[in-house]
Amino acid sequence: SVFQCRDSLQCPGGAVGTCATGREGLACGSCITGFAAQFDGTCAKCGGQSLWPILVMLLVVVGALPLALVAGIFMTRARRAALSIFMVSIIFGQVVVCLQALEAI
């Protein structure tokens with residue numbers, strides 16, 4: 001069987017079954033082990049791990065911690081209760097979405 005490729009980046013042409021570097025499978029539709037799909041449809045060799053996600057998370061935590069402390073000090077008891085109810089509702093909604101994604105419910 002012959003399958004049509006999505007674009008010329010995945011199948012550059014040539015003999016039947018010829019895929020671009022790092023691609024394999026039906027219609028060159030997947031990347032081989034050690035390669036990752038890029039936005040333009042090509043596959044590039046995996047490099048080292050990026051530190052950006054860790055740095056962003058650290059900045060968010062370091063930035064949010066003082067705000068949470070200040071908010072906790074200046075919030076009234078009624079506002080804390082309302083915020084707690086709101087957070088429980090949000091967390092419950094996230095659990096439901098996760099269970100739906102896992103097809104558990």
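Just so it is clear, the values below take in all heavy atoms, side chains as well, and ignore hydrogens, waters and symmetry mates.
- Other members of a hydrophobic cluster containing Ile85 are absent, since no ILVMFWY side chain comes under 4.5 Å of it, directly or through relayed contacts.
- Grouping the Ile, Leu, Val, Met, Phe, Trp and Tyr side chains by contacts below 4.5 angstrom, directly or via other members, places Leu83 with Ile90.
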Would you list the atom pairs, donor with acceptor, under 3.5 Å between side chains in residues 23-34 and any protein atom, with sequence neighbours excluded?
| residue | atom | partner | partner atom | Å |
| --- | --- | --- | --- | --- |
| Arg23 | NE | Gly41 | O | 2.9 |
| Arg23 | NH1 | Cys28 | O | 3.1 |
| Arg23 | NH2 | Gly41 | O | 2.5 |
| Ser30 | OG | Glu24 | O | 3.2 |

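- Among residues two or more places apart in sequence or in another chain, the side-chain contact (heavy atoms from CB on, under 4.5 Å) test is passed with Ala36 by Gln38, Cys46.
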